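Each remark here refers to the structure printed beneath this line.
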Amino acid sequence: MAKIEEVNTGNIPEHVAIIMDGNGRWAKQKGKLRVFGHKNGVKAVQSTIEGAARVGIKYVTLYAFSTENWNRPKLEVNALMELLVDTIKKEVKTLNKNKIRLKAIGNLDSLPQNAKMKLQEAIQETAHNDHMTLVLALSYSAKWEIVNAVKQIVRDHDSGKLSMNDINETCIEEALSTNGMPHPELMIRTSGEHRISNFLLWQLAYAELYFTPKLWPDFREDDLYEALLSYQRRERRFGKTSEQISDNIS
Ligand code: IPE
Ligand code: IPE
Ligand code: MG
């Protein structure tokens, strides 16, 4: 297992996005209900966030609940929402202690009133922190986000704020919920599934993808360091040739 000392501090991604998957299977393996897996996923979140803050990652985005997850059994959805409220209430102190700012992306209006309120409170109470930003993707899907972005662009066009010729990548960036954040250089998915599941489709365009069979409740900061080591062994070419990259010529 990787240790923090092995990580090259000169090559840390600014933003790491994580699909926290496998809670249900983890619980099933133990003969427990799915909710037991979600509850144990909180420990993985705490350890990963601590590790990320320790190595100097500036943004961590966690996929906590997707638009599609609303289609799960009502009992599970309710339990997840309760867990969200509970965890946020308990963690605000630690976030402030570690100077971590909380943000959220997604259709927050679709959350139960209580969850939305607690979330907004925690966002306000941590807004002054500047060591790291923790972004929760909640009731989030990339297609939802892109539809919203298109609507905003059309609105700006119709009101005369934006002309057709002004529409470029920057204006699309600005209409996304991640406006102002760097794109994730690394995306981690646990549980052995090799898919994106409607997560940050635009923002992950050039991310390095890392998949691990570990189920989310078993994931710890050392697993994050393992993912960082894999990231650091890769050559990010952005369409160029390997020679251009190694000789540092444009
Ligand atoms: C991830 O674990 C948590 C959420 C999607 C909310 P799952 O609940 O998807 O667990 P598996 O994939 O069924 O094992
Ligand atoms: C993706 O996991 C969403 C979250 C981790 C919140 P899912 O378990 O919902 O994804 P699929 O359905 O297996 O693609
Ligand atoms: Mg899953």
Side-chain angles (χ1 to χ4, degrees), residues 15-49 52 59-88 90-91 102-112 114-116 118-119 122 134-148 176-178 181 184 186-204 207 209-220 223-224 227:
H15 186 173
V16 176
I18 307 180
I19 302 181
M20 312 184 287
D21 198 15
N23 297 352
R25 278 163 283 171
W26 187 89
K28 196 171 181 187
Q29 279 175 4
K30 295 183 158 42
K32 307 268 193 190
L33 297 173
R34 296 178 56 83
V35 178
F36 183 69
H38 297 316
K39 285 191 175 144
N40 279 275
V42 176
K43 287 179 202 140
V45 171
Q46 290 162 333
S47 176
T48 305
I49 297 308
Y59 292 83
V60 174
T61 298
L62 300 178
Y63 205 3
F65 193 86
S66 73
T67 306
E68 289 77 17
N69 288 150
W70 288 114
N71 298 321
R72 292 193 176 190
K74 202 165 174 355
L75 208 70
E76 181 169 348
V77 171
N78 290 345
L80 278 165
M81 291 302 146
E82 266 172 41
L83 184 63
L84 173 71
V85 174
D86 231 49
T87 310
I88 290 173
K90 284 189 191 139
E91 292 301 315
L102 185 69
K103 285 192 86 162
I105 56 171
N107 184 6
L108 306 183
D109 286 335
S110 67
L111 297 176
N114 187 31
K116 191 181 157 190
K118 285 282 168 308
L119 184 65
L134 169 62
V135 185
L136 293 182
L138 281 167
S139 191
Y140 172 89
S141 72
K143 288 186 179 179
W144 168 85
E145 180 182 43
I146 290 168
V147 168
N148 271 350
L176 295 173
S177 56
T178 50
M181 298 180 205
L186 172 65
M187 194 285 284
I188 299 171
R189 183 172 188 150
T190 57
S191 91
E193 307 296 353
H194 295 80
R195 55 177 172 264
I196 307 280
S197 300
N198 217 347
F199 189 39
L200 301 173
L201 294 179
W202 171 280
Q203 298 86 339
L204 292 178
L209 307 181
Y210 177 85
F211 299 100
T212 167
K214 262 220 178 150
L215 302 175
W216 179 251
D218 287 330
F219 198 88
R220 291 293 178 274
D223 297 292
L224 172 71

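Every value quoted in this text rests on a predicted model; they were computed, and no experiment measured them. Note that ligands are numbered from 1 as they come in the structure, with each ligand's atoms numbered from 1 the same way. Here, residue 1 is the first one in the sequence, and each next residue gets the next number.
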Under 3.5 Å: N/O of Asn69 near N/O of ligand 1: no
Examine ligand 1 and decide if any of its atoms is less than 4.0 Å from a heavy atom belonging to Arg34. yes
For the CD atom of Glu76 and the CG atom of Asn23, what is their distance to the nearest 0.5 Å? 9.0 Å
Is the count of non-hydrogen atoms from other residues, nucleotides or ligands lying under 6.0 Å from Lys30 atom NZ greater than 12? yes
Trp26 N/O to ligand 1 N/O under 3.5 Å: no
For Phe65, the ligand 2 atoms with a heavy-atom partner under 4.0 Å come out as 6 (C)
Electrostatic pair Glu82-Lys39, nearest N-O below 4.0 angstrom: no
Just need the protein heavy atom nearest to atom 2 (O) of ligand 1, so name the residue and atom and give the distance. Asn23 N, 3.1 Å
Counting N and O atoms only, with roles assigned by atom type, does the side chain of Asn69 sit under 3.5 Å from a partner on the main chain of Ser66, one being a donor and the other an acceptor? yes
Heavy atom under 4.0 Å from ligand 2: found in Arg189's side chain, backbone, both, or neither? side chain
Among all protein heavy atoms, pick the one closest to atom 14 (O) of ligand 2 and tell me residue, atom and distance. Ser197 OG, 2.6 Å
For ligand 2, is any non-hydrogen atom under 4.0 Å from Ala64's backbone (N, CA, C, O), its side chain (CB onward), both, or neither? backbone
Quick check: do Thr212 and Asp223 have side-chain heavy atoms less than 4.5 Å from each other? no
In this structure, does ligand 1 have an atom that sits under 4.0 Å from one of the heavy atoms of Gly22? yes
For the residue pair Arg220 and Thr48, confirm or rule out a side-chain donor-acceptor distance under 3.5 Å. no
Any atom of ligand 1 sitting under 4.0 Å from a heavy atom of Glu193? no
Distance filter under 4.0 Å to Ile19 heavy atoms, resulting ligand 2 atoms: 1 (C), 5 (C)
Any protein heavy atom < 4.0 Å from atom 12 (O) of ligand 2: no
Please state which part of Arg72 comes within less than 4.0 Å of ligand 1, counting heavy atoms only: side chain, backbone, both or neither. side chain
The protein heavy atom nearest to atom 6 (C) of ligand 2 is Tyr63 O, 3.3 Å
Near the Mg ion (ligand 3), which protein N/O/S atoms fall under 2.8 Å? Asp21 OD1
Would you mind running through ligand 2 and noting each atom that sits below 4.0 Å from a heavy atom of Asp21? 2 (O), 8 (O)
Identify the protein heavy atom lying closest to atom 1 (C) of ligand 1, giving its residue, its atom name and the separation to 0.1 Å. Met20 O, 3.0 Å
For Leu33, look at atom CG and say whether over 12 heavy atoms of other residues, nucleotides or ligands are found less than 6.0 Å away. no
Within reach of ligand 2, part of Phe199 (heavy-atom separation under 4.0 Å): neither
I'd like to check Leu215 versus Thr190 (side-chain heavy atoms, cut-off strictly below 4.5 Å). Are they in contact? no
Taking the side chain as every heavy atom from C-beta outward, state whether Tyr140 and Leu200 have any pair of such atoms under 4.5 Å apart. yes
Please list, in number order, the atoms of ligand 2 under 4.0 Å from a heavy atom of Arg195. 11 (P), 13 (O), 14 (O)
Could you grab the distance from atom CE of Met20 to atom NE2 of His38, nearest 0.5 Å is fine? 10.5 Å
Heteroatom distance test (Gly24, ligand 1): nitrogen or oxygen, under 3.5 angstrom: yes
Ring-face cation of Lys214 near Trp216 (centre distance under 6.0 Å, axis angle within 45°): no
Using the side chain to side chain contact (heavy atoms under 4.5 Å, CB included) rule, take Trp144 and Ser139 through it: C-alpha gap first, then chi angles, then the decisive distance, then the call. CA-CA 9 Å; Trp144 168 85; Ser139 191; over 6 Å; no
Close side-chain approach of Leu84 and Leu138, heavy atoms under 4.5 Å: yes
Asn198 side chain to Ala142 main-chain N or O, any donor-acceptor pair under 3.5 Å? yes
Can you name the one residue among Leu209, Thr61, Ile18, Val16 that meets side chain to side chain contact (heavy atoms under 4.5 Å, CB included) with Met187? Leu209
